[in-house]
Amino acid sequence: EPEVTQTPSHQVTQMGQEVILRCVPISNHLYFYWYRQILGQKVEFLVSFYNNEISEKSEIFDDQFSVERPDGSNFTLKIRSTKLEDSAMYFCASSPRAGGNQPQHFGDGTRLSIL
Amino acid sequence: SQQGEEDPQALSIQEGENATMNCSYKTSINNLQWYRQNSGRGLVHLILIRSNEREKHSGRLRVTLDTSKKSSSLLITASRAADTASYFCATDAAGGGNKLTFGTGTQLKVEL
């Protein structure tokens with residue numbers, strides 16, 4: 001069964017550095033998402049992406065964050081000038097079609113640790 | 001309280017018993033979904049119920065939705081040790097695009 005893959009599984013970075021988290025969504029999916037889960041807290045929506053542009057973003061997704069689909073397969077989340085509070089699990093997800101009532105398929109996440 | 005609150009927060013049962021988890025939410029929704037998360041892993045989609053549906057089954061899973069009470073329940077019948085995981089409800093708010101708002105989760109432990 002096709003799956004969403006994320007790399008790396010664990011990223012350790014010094015505060016202030018930039019990180020890029022990578023995702024390969026399911027190949028025929030059209031909607032892409034990033035969520036994060038701070039340890040012990042809820043999974044929180046960051047951003048959705050459709051047709052090569054951001055379709056929705058949360059208040060968490062400020063100028064520090066950006067997303068890109070640099071080619072036909074990868075979907076990346078860039079975090080500039082990382083802060084301690086950016087430490088979390090970051091999940092990528094994709095869904096097959098535009099419109100609601102679509103299950104989202106999640107990757108196993110990247111654990112980001114900011115030192 | 002926030003959108004998507006599950007109860008109980010933790011549930012421990014014996015293998016073969018049924019497990020029931022509840023979820024409450026605040027806003028109008030397009031659909032409600034249930035996900036499972038094994039420790040250290042991603043979220044696995046279990047079942048989606050649309051706002052105009054009241055009950056849905058998938059294998060050993062039964063989901064109900066009461067939009068008048070803004071609540072849902074997930075029943076796992078004849079539980080197995082492999083069902084041990086955290087279970088989350090997630091709502092797709094009406095007019096809210098496709099983003100999911102997750103609940104706090106129920107940690108289910110099924111003991112042999």
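When reading the values below, keep in mind they use all heavy atoms of this one structure, side chains included, and skip hydrogens, waters and symmetry mates. Letters go in sequence order (proteins before strands), and every chain restarts at 1. Quantities reported herein were computed from a predicted structural model and do not represent experimental measurements.
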- Hydrophobic cluster membership, B:Leu61 vs B:Leu32, 4.5 Å side-chain cutoff: yes

- Close aromatic pair by centroid cut-off 6.0 Å: A:Tyr35 and B:Phe102: yes

- Does B:Arg41 offer a backbone N or O that forms a donor-acceptor pair with the side chain of A:Asp108 under 3.5 Å? no

- Message: Does B:Lys56, at its NZ atom, have more than 12 non-hydrogen atoms belonging to other residues, nucleotides or ligands within less than 6.0 Å?
- Response: yes

- Task: Inspect the surroundings of CD in B:Gln9 and state if more than 12 heavy atoms from other residues, nucleotides or ligands are less than 6.0 Å away.
- Result: no

- Is any side-chain heavy atom of B:Gln33 less than 4.5 Å from a side-chain heavy atom of A:Pro103? yes

- Message: Which atoms of A:Glu44 are under 4.5 Å from chain B, going by heavy atoms: the side chain, the backbone, both sets, or neither?
- Response: neither

- Task: Verify the neighbour count for atom CD of A:Gln11: are there more than 12 heavy atoms of other residues, nucleotides or ligands below 6.0 Å?
- Result: yes

- Query: Around B:Arg80, counting heavy atoms of other residues, nucleotides and ligands shown, do more than 12 lie under 6.0 Å from its CZ?
  - Reply: no

- Message: Which heavy atom of A:Gln104 sits nearest to which heavy atom of B:His45, and what is that distance?
- Response: O-CB, 4.0 Å

- Message: Take a 6.0 Å sphere around CG of A:Leu115 and say whether it holds more than 12 heavy atoms from other residues, nucleotides or ligands.
- Response: yes

- Quick one: CG on B:Leu43 to CZ on A:Phe91, what's the gap to the nearest 0.5 Å? 5.5 Å

- Part of B:Leu48 within contact of chain A (heavy atom distance under 4.5 Å): side chain

- Message: Looking at A:Asn28, I'd like to know if its CG atom is crowded, meaning that more than 12 non-hydrogen atoms belonging to other residues, nucleotides or ligands lie closer than 6.0 Å.
- Response: yes

- Out of curiosity, B:Thr104 OG1 to A:Gln41 CD, how far, rounded to the nearest 0.5 Å? 11.5 Å

- Taking every heavy atom of A:Tyr33 against every heavy atom of B:Asn98, the minimum-distance pair comes out as OH-CB, 3.4 Å

